[in-house]
2 protein chains.
Amino acid sequence: MSDAATHGSLTGLRSCVRPGNRAGGVSQCSRCGARKASVCNAIGDPDLDRLAASVVHMTVPPGCSFIEDGAEATDFFNITSGTAKLFKLLPDGRRQITGFATAGHFLGLAVGDHYAFGAEAIDTVHLCRFSRPRMTRLMDDFPRLERRLLEEASNELVVAQNQMLLLGRKTARERVATFLLERLRNAEEDDVLVLPMTRTDIADYLGLTIETVSRTLSALRKEGLIADAGSHNLRLLDADRLADIAEGDRD
Amino acid sequence: MSDAATHGSLTGLRSCVRPGNRAGGVSQCSRCGARKASVCNAIGDPDLDRLAASVVHMTVPPGCSFIEDGAEATDFFNITSGTAKLFKLLPDGRRQITGFATAGHFLGLAVGDHYAFGAEAIDTVHLCRFSRPRMTRLMDDFPRLERRLLEEASNELVVAQNQMLLLGRKTARERVATFLLERLRNAEEDDVLVLPMTRTDIADYLGLTIETVSRTLSALRKEGLIADAGSHNLRLLDADRLADIAEGDRD
DNA sequence: ACGACGCATTGACACACGTCAAGGGTTGCT
DNA sequence: AGCAACCCTTGACGTGTGTCAATGCGTCGT
């Protein structure tokens, strides 16, 4: 089927020295922009110092991997800024990106004690690292945190089910339309969306090839549904129509 | 792309009167065959009465739906016997089966208060129903249950990621091989697997058509990798080879 | 028993998307 | 500034899987 064209960014690994970790200063968490959207909002202000003392901040440069598929699952991660891609590989190099993680996303839930996926920074990613034992202690001490994690996992499951519907049953056109609308939620402006990832990443996320993604975007552009808005930016000109397309409305 | 041929079993709905629910007798749970494999194993023997008092037993006949996509998420379910299919639909009827649930599976985790998928019995399904408030009370009172649920959700996430890899990047042959091996885990014998679901269900699970599933199985049969073993049964003659195929080994 | 219906198999053909290939644009490094 | 990688786009063509259609085969209800 496909192959090879799909794993371009291995070159990024050359600059992947594990960055110097520094312990979070006291109450870092109270100033964290991602807190509102993350599981950390389950912990109240009075206990923030306790939370801050449990994490290590990390900066991951673009193209650098911070979770290796199959490696021992020693840590949990909470992204505070930037975008990461999560993926699985087949032995011959075919890749499926299972999701893009942005500020507030919690990563590292695993079955057994090994990660079942890889994670790599797309742009510069800032994140908090929790060791498993510390996370367990936090959950013991803050039941609301655990409840919040279950909520988060449920959320991810719903997202995953939607993605299975997309991968199993939608056409290329429907997949791209779905993707664009999905990206709208991460957007600052109402109709301008940011695509920090490459076409290869988009293709590996949607189960397509880069050529098909490119052609489909060109078609939507020609039909006046989207327009370029600078590098790595797109403007949605007719989100309603795109929503119809995404759900299979006659195509 | 595909369509229509994929939603055959709506006819089953005619016999879908909601079965008479009866409260679980005291300590039903201690005799439950599914307990060992389910989240209920987080609750110790002394507290089983409390658990039994929180559930309602239900019997769902084949073809009958017990979770409606979009309906208010009022309950959780724990399957004690039988097999159910979980699925999502597109407006035009295209269907993606996101999983098959058997004894021990916990269902009903939702984001917000509406289910994001449907569930329908394949054969006769026996299950326990937990109302949301009761489940919340149980989690409050038994932290180990909540921990167990998080574990279960993590598990489901890993499975979902594997399925995304299958749907996005594997060939029909690889998908079918993967499916057969997956079924092996639900098997009683070492190499004989049971397929209670129809070809349509398999196709909708693997993102294929029934014709492609049928042709692929015929090819594997012709190659001596599998053999018929009675109605709804298959024998795997070369599981190692199938495992190679499932991971894309030269095909 | 006997039809009738749903399910599975198989064949012929079509098409959406993948593959191969060429060229232009953008970014980053020295 | 200028070169070198990438990245993206576009075209021509191939193919894996979908579509359409015919036939066989268990199963169930009367």
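None of the values given here were measured: they were computed from a predicted structure. We name chains A, B, ... by the order of the sequence lines, and we start the count at 1 in each one.
Note on A/R173 versus A/E223: salt bridge recorded, some NZ/NE/NH1/NH2 to OD/OE distance being below 4.0 Å. Using a 4.0 Å cut-off between a side-chain N of Lys or Arg and a carboxylate O of Asp or Glu, B/D204 and B/K85 do not qualify as a salt bridge.
In terms of phosphate contacts, A/S231 brings a side-chain nitrogen or oxygen within less than 4.0 Å of OP1 or OP2 of C/dT27.
In this structure B/D228 satisfies the side-chain contact (heavy atoms from CB on, under 4.5 Å) test together with B/R221, B/L234, sequence neighbours excluded. Looking at residues two or more places apart in sequence or on another chain, you find a side-chain contact (heavy atoms from CB on, under 4.5 Å) between B/T198 and B/T200, B/D201. For A/S81, the side-chain contact (heavy atoms from CB on, under 4.5 Å) partners are A/H126, not counting sequence neighbours. Qualifying salt bridge (charged side-chain N to carboxylate O under 4.0 Å, His left out) partners for B/D123, counting only residues two or more places apart in sequence or in other chains: none.
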Using a cut-off of under 3.5 Å, enumerate the N/O to N/O pairs linking the protein to nucleotides 10-12 of chain D.
{"from": "D/dT10", "atom 1": "OP2", "to": "A/S218", "atom 2": "OG", "distance (Å)": "2.4"}
{"from": "D/dG11", "atom 1": "N7", "to": "A/R215", "atom 2": "NH1", "distance (Å)": "2.8"}

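Note: NE2 (B/H232) to P (D/dG26) measures 12 Å, nearest angstrom. One atom, CD of A/E174, and another, P of C/dA16, lie 12 Å apart when rounded to the nearest Å. Rounded to whole Å, atom P of D/dG16 lies 19 Å from atom NZ of B/K170. Atom pair B/M197:CE and C/dC7:P shows a separation of 14 Å (rounding to whole Å applied). Between the C1' atom of D/dG18 and the CZ atom of B/R175 lies a distance of 12 Å, rounded to the nearest Å. Per the geometry, CZ belonging to B/R94 stands 13 Å off P belonging to C/dA16, to the nearest Å. C/dT26 atom P lies 10 Å from atom CG of A/D228, rounded to whole Å. We find that NZ of B/K222 is positioned 7 Å from P of C/dG11, with the value rounded to whole Å.
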Scan the side chains in residues 176-185 of chain A for donor-acceptor partners under 3.5 Å anywhere in the protein, sequence neighbours excluded, and list what turns up.
{"from": "A/T178", "atom 1": "OG1", "to": "A/K170", "atom 2": "NZ", "distance (Å)": "3.0"}
{"from": "A/T178", "atom 1": "OG1", "to": "A/E174", "atom 2": "O", "distance (Å)": "2.6"}
{"from": "A/E182", "atom 1": "OE2", "to": "A/Y205", "atom 2": "OH", "distance (Å)": "2.6"}

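Of the candidate nucleotides C/dT27, C/dC17, D/dG18, D/dG18 has the atom lying nearest to any side-chain atom of B/T209. When distances are taken from the side chain of A/T171 to each of C/dC17, D/dC7, C/dT9, the shortest belongs to C/dC17.
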